[in-house]
Amino acid sequence: MQNHHFFLRSESDLIKLAPFPWIVFSNPPDHPVLSTSPTAPSVKSLLKFIAISMESVAMMINGGRLPELKMLDVSHNLIVRIPEEIGSAASLVKFDCSNNQLTELPSELGRCLALSDLKGSNNLIASLPEDLAKCSKLSKLDMEGNKLTVISENLISSWTMLTELNAAKNMLNGIPVGIGGLSRLIRLDLHQNRISSIPSSIIGCHSLAEFYLGNNNISTIPVEIGELSRLGTFDLHSNQLKDYPVEACKLSLLVLNLSNNSLSGLPPEMGKMTSLRKLLLSGNPLRTLRSSLVTGPTPALLRFLRSRLSQGEDSETATTSKKDIIAMATRLSISSKELSMGGLELSAIPSQVWESEEVIRLDLSKNSIQELPVELSSCVSLQTLILSKNQIKDWPGSVLKSLSSLSCLKLDYNPLRQIPSNGFEAVPKLQILDLSGNEASLLDGPSFSSLPNLQELYLRKMRLTKVPSDILGLHQLRILDLSQNSLQSIPEGLKNITSLVELDLSNNNISSLPPELGLLEPSLQALRLDGNPLRSIRRTVLDKGTKAVLKYLKDKLPEE
């Protein structure tokens with residue numbers, strides 16, 4: 001059945017409808033916020049009218065008016081109370097009451113036994129009703145930005161189906177011991193609370209992939225944390241940690257944030273965490289490490305730490321397998337919708353890419369991939385595809401054509417052969433395109449006019465001797481990079497791209513610039529010209545920067 005969302009602009013804006021299973025009372029950003037009202041329209045034998053007042057909703061729900069209601073969204077209003085009649089919505093699966101002025105949730109919500117997704121973030125709620133324990137199908141709970149001081153043991157032990165729990169930005173004093181019963185939990189966000197310790201029962205959360213505990217009062221990490229084999233992101237920034245336990249070095253993390261703590265050193269065993277892509281340590285009184293190591297690339301720091309291990313231990317350090325890193329990245333993509341597999345020496349795109357649901361950003365840079373498999377066509381939600389520095393030779397038009405949401409494509413520094421003249425027709429929605437370093441790709445003159453939405457175009461190091469003429473028709477272009485080519489002149493038609501903010505012409509053979517380029521002032525903020533044998537503009541003018549150069553060129557225009 002098709003889902004219908006209805007947005008109301010005022011109290012009197014009643015919308016006639018049939019009893020659809022999905023109803024949205026959420027206030028759109030461009031319309032006034034609505035408040036609850038004591039008045040309500042009359043309700044017929046069948047639901048024919050809806051209004052924003054929660055009393056109206058209560059009347060509709062009461063007496064079986066909405067037996068098939070599965071999703072109710074009343075977010076972004078000024079609601080102060082959810083009526084108890086909400087409990088009669090027996091089929092309710094998703095309830096969003098976020099961004100209101102609620103101080104509590106009704107205990108009757110516990111009668112919604114089918115409820116699996118509850119969002120009550122950004123309210124004034126101080127406690128959760130114990131009757132919510134009856135909602136045993138709950139899989140997602142978002143209570144960020146409230147005034148919760150505790151989540152009871154009874155509640156946490158009842159929600160065994162939870163996969164995502166967000167209670168960040170509250171006043172929680174601790175994590176319930178019962179958290180260990182949440183074996184399906186994938187994402188746990190408790191940042192910005194008053195938590196002082198992590199219970200050892202956390203070992204039971206063996207599906208946990210993301211754990212956020214920044215801005216708390218945690219002073220120690222339990223050794224049991226090292227058993228969470230699926231944990232990929234562990235954020236502990238801005239706490240009171242004095243050391244990082246050796247046992248936690250068993251984790252196969254991709255991201256570890258320990259910034260702004262009280263760490264004076266790191267265990268050498270951390271050097272064994274070879275899956276780490278990002279280790280953040282700034283803001284710690286690290287006395288045993290050079291600042292260049294702390295702020296430098298993570299691999300260098302890990303190598304240094306490994307060098308401090310005894311010879312026997314160092315020889316036992318096995319680099320995390322490629323398979324494990326791919327599996328970890330795939331698990332992290334469940335909530336982030338981003339998949340990063342750069343620099344893994346892949347010769348082919350792994351099947352986990354198209355098996356991951358709704359991935360919107362895919363980074364496969366710095367590998368040895370030669371072609372895009374047809375299976376990639378199924379990733380219809382993909383918006384960003386990064387294929388920089390691979391071994392792709394042929395323009396993957398047939399696959400790209402199926403990626404209807406693609407807005408960013410980076411194919412720079414591949415041995416890409418010429419792109420067909422109609423090649424860009426496969427990606428008409430592109431906003432960002434990088435073909436840098438593919439010297440032969442434009443030999444057949446592919447038409448840039450097929451990319452009317454293009455905002456950023458990077459054509460560095462392409463051996464271009466002239467600017468492709470149809471680029472001049474890209475009226476939404478903001479960034480144009482033509483550096484490191486063999487350009488000798490610049491067409492005066494560039495003046496028509498009035499949307500340009502950055503133009504990089506550095507390291508070419510340009511000896512003069514057309515005065516018409518000055519017409520791009522003031523929209524053009526950065527004009528890079530270094531590395532050119534410019535003779536027509538004095539060095540004193542060039543040294544003053546973009547604004548001075550554009551003014552100089554503009555002054556050279558003949559008076560009308």
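All figures in this text were calculated on a predicted structure; none of them were measured in a lab.
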Q. Using a distance-only test with no angle check, is there a side-chain donor-acceptor pair under 3.5 angstrom linking Asn217 and Ser196?
A. no
Q. When rounded to the nearest 0.5 angstrom, what is the spacing between CG in Leu430 and CD in Glu456?
A. 11.5 Å
Q. Do other residues, nucleotides or ligands put more than 12 heavy atoms under 6.0 Å from Gln455 CD?
A. yes
(Q) So does Gly178 get a backbone contact from the side chain of Glu153, meaning a donor-acceptor N/O pair under 3.5 Å? (A) yes
Q) In terms of side-chain heavy atoms, does Asp235 have a donor or acceptor partner in His191 at a distance below 3.5 Å? A) no
Q) How far does OG of Ser183 sit from CE of Met161, to the nearest 0.5 angstrom? A) 9.5 Å
Q: Mind listing the closest non-hydrogen atom pair of Ile175 and Pro199 along with its distance?
A: CB-CD, 3.7 Å
Q.
For Asn99 and Ser75: C-alpha separation, side-chain torsions, deciding distance, then whether side chain to side chain donor-acceptor pair (under 3.5 Å) applies.
A. CA-CA 6 Å; Asn99 296 280; Ser75 63; 5.8 Å; no
Q. If only atom types and distance count, is the side chain of Asn193 paired as donor or acceptor with the main-chain N or O of Asn216 below 3.5 Å?
A. no
Q: Evaluate side-chain contact (heavy atoms from CB on, under 4.5 Å) for Leu72 paired with Asp96, printing each intermediate quantity in order.
A: CA-CA 6 Å; Leu72 178 60; Asp96 187 349; over 6 Å; no
Q) Can any side-chain N or O of Asn215 pair as donor or acceptor with the backbone N or O of Gln192 at less than 3.5 Å? A) no
Q) Between Met341 and Asp363, is any pair of side-chain heavy atoms under 4.5 Å apart? A) no
Q: Please step through salt bridge (Lys or Arg N to Asp or Glu O under 4.0 Å) for the pair Glu164 and Arg187, ending with a clear verdict.
A: CA-CA 5 Å; Glu164 295 185 26; Arg187 190 177 191 274; 5.5 Å; no
Q) Residues two or more places apart in sequence or in another chain: which of them pass side chain to side chain donor-acceptor pair (under 3.5 Å) with Glu227? A) Lys250
Q. Any side-chain heavy atom of Lys242 sitting closer than 4.5 Å to one from Leu263?
A. no
Q | Which atom of Pro245 lies closest to which atom of Ile221, heavy atoms considered | A | CG-O, 3.7 Å
Q | Distance in Å, Glu210 CD paired with Arg230 CZ, rounded so as to fall on 0.5 Å steps | A | 14.0 Å
Q) Do Asn261 side-chain atoms and Leu241 backbone N/O form a donor-acceptor pair below 3.5 Å? A) yes
Q: Could you tell me which residues satisfy salt bridge (charged side-chain N to carboxylate O under 4.0 Å, His left out) with Lys169, sequence neighbours excluded, listed by chain and number?
A: Glu144
**Q.** Asn173 vs Ile195, side-chain contact (heavy atoms from CB on, under 4.5 Å): CA-CA, chis, key distance, verdict
**A.** CA-CA 5 Å; Asn173 293 312; Ile195 297 166; over 6 Å; no
Q. Would you call Leu213 and Leu188 a side-chain contact if the rule is heavy atoms closer than 4.5 Å?
A. no
Identify all side-chain donor-acceptor contacts of residues 126-137 below 3.5 Å with residues at least two apart in sequence or on another chain.
from	atom 1	to	atom 2	distance (Å)
Glu130	OE1	Ser152	OG	3.2
Glu130	OE1	Asn154	ND2	2.8
Glu130	OE2	Ser152	OG	2.8

(Q) Measuring only between side-chain heavy atoms, which start at C-beta, is Ser377 closer than 4.5 Å to Trp354? (A) no
Q. Of all heavy-atom pairs between Leu228 and Ile203, which one has the smallest distance, and what is that distance?
A. CD2-O, 3.9 Å
Q: Apply side-chain contact (heavy atoms from CB on, under 4.5 Å) to the pair Leu339 and Val353, showing each step before the final yes or no.
A: CA-CA 8 Å; Leu339 199 48; Val353 169; 4.0 Å; yes
Q | Close side-chain approach of Asn453 and Pro428, heavy atoms under 4.5 Å | A | no
Q. Going by heavy atoms in the side chains, are Asp189 and Leu165 under 4.5 Å from each other?
A. no
Q: Look only at the side chain of Asn123 and the backbone of Asn100, and say whether a donor-acceptor pair between them is shorter than 3.5 Å.
A: yes
Q: Taking Ser116 for its side chain and Leu138 for its backbone only, find out whether a donor-acceptor pair lies under 3.5 Å.
A: no
Q) Is Asn146 reaching over with its side chain to a backbone N or O of Gly120, donor-acceptor style, under 3.5 angstrom? A) yes
**Q.** Any donor-acceptor pair under 3.5 Å from Asp434 side chain to Lys410 backbone
**A.** no
Q) Roughly how far, to the nearest 0.5 Å, is the CD1 atom of Ile151 from the CE atom of Met143? A) 8.5 Å
Q) Taking C-beta and beyond as the side chain, do Ser405 and Lys429 meet within less than 4.5 Å on heavy atoms? A) no
Q | Sole residue of Ile225, Leu236, Thr233, Leu185 in side-chain contact (heavy atoms from CB on, under 4.5 Å) with Phe211 | A | Ile225
Q | Sub-4.5 Å side-chain heavy-atom contact between Ile218 and Gln240 | A | no
Q: For Arg306 and Gly271, indicate whether the former's side chain and the latter's backbone hold a donor-acceptor pair under 3.5 Å.
A: yes
Q.
Could you walk me through whether Val380 and Ser402 satisfy the side-chain contact (heavy atoms from CB on, under 4.5 Å) test, starting with their C-alpha distance in whole Å, then the side-chain angles of each, then the deciding distance to 0.1 Å, before giving a yes or no?
A. CA-CA 7 Å; Val380 293; Ser402 301; 5.8 Å; no
Q. When rounded to the nearest 0.5 angstrom, what distance separates CD1 in Ile392 from CG in Leu387?
A. 4.5 Å
Q | Interatomic distance, Ile82 atom CD1 to Leu109 atom CG [nearest 0.5 angstrom] | A | 8.5 Å
Q | Nearest non-hydrogen partners of Leu382 and Leu403, listed with the distance | A | CD2-CD1, 4.1 Å
Q | Asn170 side-chain N/O to Leu148 backbone N/O, donor-acceptor pair under 3.5 Å | A | yes
